[in-house]
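Let me begin by presenting the structure, written as structure tokens, before commenting on it.
Throughout, a chain's letter reflects where its sequence line sits, starting with A, and its residues are numbered from 1. Everything quoted here is computed from the prediction, not taken from an experiment.
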Protein chains: 2
Amino acid sequence: MGRLQTFDSTTVVQSARDVFWDLGYDGASLADLEAATGVNRSSLYHAFGSKRGLFDAAVADYRDTVISPRLRGLQADGAGRRELLAYFDELREAVAALPLDSPRRGCLLVNCATGLATHDEPAREVVEAYRTELAAALRNALAGGPAENTDERVRTLASLSMSAMLLARVNAAESAALLSTAADQVRAWFPAP
Amino acid sequence: MGRLQTFDSTTVVQSARDVFWDLGYDGASLADLEAATGVNRSSLYHAFGSKRGLFDAAVADYRDTVISPRLRGLQADGAGRRELLAYFDELREAVAALPLDSPRRGCLLVNCATGLATHDEPAREVVEAYRTELAAALRNALAGGPAENTDERVRTLASLSMSAMLLARVNAAESAALLSTAADQVRAWFPAP
DNA sequence: GTTATAGTGAAACGAGCGGTACAGAACATT
DNA sequence: AATGTTCTGTACCGCTCGTTTCACTATAAC
């Protein structure tokens, strides 16, 4: 009963997600979000309650549509060398494919790690959950190979992933090089089939 | 001729540096900076021109008093295994020594990488220069050991350093673990003397 | 002691922020 | 068609931001 919502929530959340991704939580103003979504702030507040509510929806969408697809291969039963190489190669291509004048966005959650997450406990937990999930996925795929120095290797690969996302916003070429290095490590640890 | 400045510029810059370190450039307000330095904004503007001018002075101080001392050992002629282990051990102790309720600050420049540096070219260059200097210092120290996979090893150690600084603000224990991992890598690559 | 110069403090500036009030528009139900 | 409910656009709220103004104070030079 009553008037129907005239916009599609999913597309609005994704537009907002890209603004937060590019500008950060504090850097994104309501005016920016209105412009990117094409939706008036009164409608945004009606649907999401607050700027923070919209941000939380954007983060949830980011996990579902960006992170999960990337980690799925690593998380599968029997994942191993091939899935690790695919993960780092695809991530490297994504970083390298960005035109130089486009927003260098990196990872929304890595960007949060030095921003919101430092003085906001819920945000900190989301970032930490992401790190844990990444480490678990890498560990799962590494379990298919030689059982040497597993903790150390998980940390090295997670570290290369995260710092590549950090550097994506500063030096895209070096970011890609870090991901190539990760792939090289995987090749050195895993015997080629 | 004229009235003399009543505050010490160095201590004021360092107080401001700590505020920027903790809160970030955008997150630090003039009121915060006045409170931390004990200096009125009109005096800050007289001495530094703008908030950005004070920030630039804070970054310069950070390089001089925080980064340079840490990298000095790695940069010395003849640096090698011992200097690498000292670097990672000292950094790990610094991360672990922070009381849990104190500001988890990480690295001022790493914090900038996902903030200012993404839409401000001068800031981006400062962060990139720091990364270059870190890589060069690690390379110098690695040159004292076996000449295998040097590029890869430089990237791995730089990556562990940077992601440890990133995680210092999210999970101090894991941050310290990354730095231990780096030290383990050094031990594995370098024959013990 | 007078004067020119420079640092300091209080107050206020305009701009932009996140958030809200309210009237009107659009729909489901009756 | 009438009614009740929900969504939307405008216009505005109070607040905080970085910055500036200006009167006042303190010092160096003469």
Using atom [atom1] of [X] as one end and atom [atom2] of [N] as the other, report the distance to the nearest whole Å.
| X | N | atom1 | atom2 | result |
| --- | --- | --- | --- | --- |
| A:Asp26 | C:dG16 | CG | C1' | 14 Å |
| B:Lys51 | C:dA15 | NZ | P | 19 Å |
| B:Glu34 | D:dG18 | CD | C1' | 11 Å |
| A:Leu23 | C:dG18 | CG | P | 11 Å |
| A:His46 | C:dG19 | NE2 | C1' | 16 Å |
| A:Phe48 | C:dG19 | CZ | C1' | 16 Å |
| B:Arg3 | C:dG9 | CZ | C1' | 9 Å |
| B:Leu30 | C:dC13 | CG | P | 18 Å |

query = Heavy-atom distance under 4.5 Å between the side chains of A:Glu133 and A:Gln75, does that happen here?
reply = yes
task = Take atom CZ of B:Arg139 as the centre, draw a 6.0 Å sphere, and report whether it contains more than 12 heavy atoms from other residues, nucleotides or ligands.
result =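 Counting other residues, nucleotides and ligands, CZ of B:Arg139 exceeds 12 neighbours.
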Where the side chain of [X] is defined as all heavy atoms beyond and including C-beta, which of [options] is the nearest nucleotide?
| X | options | result |
| --- | --- | --- |
| B:Ser43 | C:dT8, C:dA25, C:dT20 | C:dT8 |
| B:Arg41 | C:dT8, D:dT19, C:dG18 | D:dT19 |
| A:Ser29 | D:dT6, C:dC17, C:dT8 | C:dC17 |
| B:Tyr45 | C:dG9, D:dT20, C:dG19 | D:dT20 |
| B:Leu4 | D:dA28, D:dT25, C:dG19 | D:dA28 |

ask   = Between D:dT21 and B:Ser42, is there an OP1 or OP2 to side-chain N/O distance shorter than 4.0 Å?
value = no
request  = Look at the side-chain N and O atoms of B:Ser50 and state whether any lies under 4.0 Å from the OP1 or OP2 oxygen of D:dG18.
outcome  = no
inquiry  = Given B:Phe55, which partner from the list B:Tyr62, B:Tyr25, B:Phe48 fulfils the ring pair (Phe, Tyr, Trp, His ring centres under 6.0 Å) test?
reply    =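 Only one option passes, and that is B:Tyr25.
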ask   = Does the pair A:Asp61/A:Arg17 count as a salt bridge with the N-to-O cut at 4.0 Å?
value =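 Result for this pair is yes, salt bridge flagged.
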query = For A:Thr181 and A:Asp184, does a side-chain donor sit closer than 3.5 Å to a side-chain acceptor?
reply =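 Side-chain D/A pair, A:Thr181 to A:Asp184: absent.
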key: Along DNA chain C (nearest heavy atom to each residue), the more 5'-positioned of A:Asn40 and B:Asn40   =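 The residue mapped nearer the 5' terminus is B:Asn40.
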